[in-house]
Protein chains: 2
Amino acid sequence: MNIKDIARLSGVGVSTVSRVVNNHPDVKKETREHVLNIIKEYNYIPNSSARVLKQISTKNIGILIKGIFNPFLSEMVSIISKKIQFEGYTMLLQHTEVEEDDIESTLRFIKERKLQGVICLGGKFNDIQEDTFKHIDVPIILTSINLPVAMNNKQHVSIIDINNEEAAYKAVNYLIEKGHKDISIMICDEKEAASLERYKGYCRALEESNIPFDKENVLKGHYLMEKAYEETIKLLQNKKPTAIFAVSDSMAIGVAKAITDSGLQIGQDISIVGFDGMDIAQYYTPTITTVKQPREEMAKLSADLLFEQLNGNKQSISILLDADLIEGNSCIEI
Amino acid sequence: MNIKDIARLSGVGVSTVSRVVNNHPDVKKETREHVLNIIKEYNYIPNSSARVLKQISTKNIGILIKGIFNPFLSEMVSIISKKIQFEGYTMLLQHTEVEEDDIESTLRFIKERKLQGVICLGGKFNDIQEDTFKHIDVPIILTSINLPVAMNNKQHVSIIDINNEEAAYKAVNYLIEKGHKDISIMICDEKEAASLERYKGYCRALEESNIPFDKENVLKGHYLMEKAYEETIKLLQNKKPTAIFAVSDSMAIGVAKAITDSGLQIGQDISIVGFDGMDIAQYYTPTITTVKQPREEMAKLSADLLFEQLNGNKQSISILLDADLIEGNSCIEI
DNA sequence: TTGTACGCGTTATCAC
DNA sequence: GTGATAACGCGTACAA
């Protein structure tokens, strides 16, 4: 069932059917209705591949999101999608596998789908070069993606992110100011970019306060509740820090449970600071002190920037937002 | 930059380029390498629209998932995707908006992308008719989707779900057996299908034990932590049930926090049962008793069934799995 | 082993 | 207001 069939069945030409399907005004009312009836009757649905192939401008914006399961990024998608719809564009959402090369995927995505612009949420772009996107003439926004600082502002992309190092620094300093000296950190692993930046912030805070670094205090939770739980249980069998800083809220929950299960009290015995500002931090008991990433702002900024560039303002910029500490009841002064 | 350009630049015909791109064996080694170099040099990426348009069988399996943010469904996607890859197919993931007509979307998805099969995760298919998918000759699996019982096994689709009514019935009975008589329920709203089924199970359990139904005991949390929290706070200002059954774990967390914030103790004062079996139920303090949906099994079954049908076994079936209660520490005997 | 030519389903251009 | 027809970029049968 294609456009030709419908044309034949309706007794009109293919162009008329095309006009009806695309809501062009220059079709007689009766003709339009008749064709619509036939379309309805035979369940005709235009082949999108053929359309994209033929169309010059698709009015498609791509969203490339790392992984299928990331509540943090998901929430930003909904905000962005509203803006895209409002502007009369269509959003194409695509996920990338964890191992996938994100630069390659972005390039593919743009060319394959004839996109007018892309927003990438999360992912690794470490191998980005000055000329990586040189031949691409559509705006690219990298949101919540950690980039080598040297690249900022230099290539044909914009960057919206928080200052991970600084945010983590503030969080750890908060603990230090409360008198904590033996502070563990739950990172993802040695490689993950955001986790690494936060780890650097942790190190800097310790250093500035002349607190010796203890490598036993570094735990790897892979952003998983379960792994964070296990690692914390293990840690507590050997030593008892006065505070644990987890670089994600999900890991903070794992840490919290491990503390409770070890017969200790959150806050009283061991203070906890998380990272992200997910709802659960606020609804856990006790509420978890966490570094809140300005998700809404990042999402809005990304979408606005994209359309500004689409509408002529060709400037690529790079913005690092601040992330503020939201105090809960998981930390005490000692 | 298209296949013709590459052919010209490589000094070969388009078919040779096509063969190289698609890894066909019948190309001389040097020719292949030469063409690959040109492709690399000019960053050529084949236009997927043109490919799909031309291809007869795409070896594409579609996954249609309701909403962008649903941890429960996301986890199933990863399991299904592995099977699809293993079978040498490609997975196309598409999200549907909350208000979208899911039947329409499924039909669109299949025709637009020339799919070999679809798995729908979540969504509303209430308007499904016996002949809705009559003209579709590819397998359709509806997973975690509540369907009017009368439709089971009758049309051209398979259904994998849990028995929501029964599972909820068991959960509420568990509370009743522990001596609870004043049991509140936190539903999504009056319309959402799964929530409705679970609500029915709640009613049946009360009825069978001759516990009078109190409409004050029905709260609407819209599957949101925040909403569930607010509604519970409101409830507790008027009355104090001995137990609350939330039809999702996220709402159970909201309920839990509200209880704590009202100066009451979870379990001791008010027992809680959740639904879904999300990680957080296990990592909350106290652990939340919850009805665990067999996500892995549902996902595996869906994928296996799809490929069985693809490989000739054309039977459509409908399977309702059991969901078991996982005991935590959020309920006491009274 | 390689090249030519046609058709996939649609939209855009032009003629009527 | 409507219809014929040439692209869009690719895969493939068939010819060489």
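Note that these values count all heavy atoms, side chains included, but never hydrogens, waters or copies made by symmetry. A note on names: the letters A, B, ... follow the listed sequences, proteins ahead of strands, and every chain is numbered from 1. Since we're looking at a predicted model, the values are computed, not measured.
Closest to the side chain of A:V27, out of D:dT2, C:dT2, D:dC8, is D:dT2. Each of D:dT2, D:dT5, D:dA13 was ranked by its minimum atom distance to the side chain of A:V14; first place goes to D:dT5. Side-chain proximity of B:L53 to C:dC8, C:dG3, C:dA12: nearest is C:dC8. Nearest nucleotide to the side chain of A:R19, out of D:dG3, D:dG11, C:dG3: D:dG3. Considering only the side chain of A:R51, C:dT10 comes nearest among C:dT10, D:dC10, C:dC14. In this structure, of C:dT2, D:dG3, C:dG9, it is D:dG3 that holds the atom nearest to the side chain of A:S15.
Side chains of B:I84 and B:F307 form a contact here, defined as non-hydrogen atoms less than 4.5 Å apart. A:D189 is not listed as a side-chain neighbour of A:S195, based on a closest heavy-atom distance of 4.5 Å or more.
Judged by atom type and distance alone, A:T31 does not reach the base of D:dT2 through any side-chain donor-acceptor pair under 3.5 Å. With hydrogens and angles ignored, no donor-acceptor pair under 3.5 angstrom links the side chain of B:T16 to the base of C:dG3. Side chain B:K54 to base D:dG9: no donor-acceptor pair is found below 3.5 Å.
We find that CD1 of B:I6 is positioned 17 Å from C1' of C:dG3, with the value rounded to whole Å. In this structure, A:Y44 atom OH and C:dG9 atom C1' are separated by 7 Å, rounded to whole Å. The CG-C1' distance, from A:D26 to C:dC16, rounds to 14 Å in whole Å. Atoms NZ (B:K111) and P (C:dC8) sit 18 Å apart, rounded to a whole Å. B:M1 places its CE atom 11 Å from the P atom of D:dG9, with the value rounded to the nearest Å. At whole-Å resolution of the value, CD in B:E112 and C1' in C:dG9 are 13 Å apart. At whole-Å resolution of the value, NZ in B:K4 and P in D:dC10 are 10 Å apart. Following rounding to the nearest Å, A:E30 (CD) and D:dG1 (C1') show an atom-to-atom distance of 11 Å.
Note on A:N22: a side-chain N or O is less than 4.0 Å away from OP1 or OP2 of C:dT11. For C:dT11, the OP1/OP2 oxygens have a side-chain nitrogen or oxygen of A:S18 closer than 4.0 Å. Contact annotation: B:N2 reaches the phosphate of D:dG9 (side-chain N/O to OP1 or OP2, under 4.0 Å).
With DNA chain D read from its 5' end, the first of the two nearest nucleotides for A:P25 and A:A50 is the one closest to A:P25.
The only member of A:M91, A:H95, A:M76 that meets side chain to side chain contact (heavy atoms under 4.5 Å, CB included) when paired with A:I63 is A:M91. Applying side chain to side chain contact (heavy atoms under 4.5 Å, CB included) to B:H34 and the options B:T31, B:I38, B:L36 leaves one that passes, B:I38. Under the side chain to side chain contact (heavy atoms under 4.5 Å, CB included) rule, A:N60 has a single partner from A:V118, A:T90, A:I110, which is A:T90.
Using a 4.0 Å cut-off between charged side-chain N and carboxylate O, B:E104 and B:R108 make a salt bridge.
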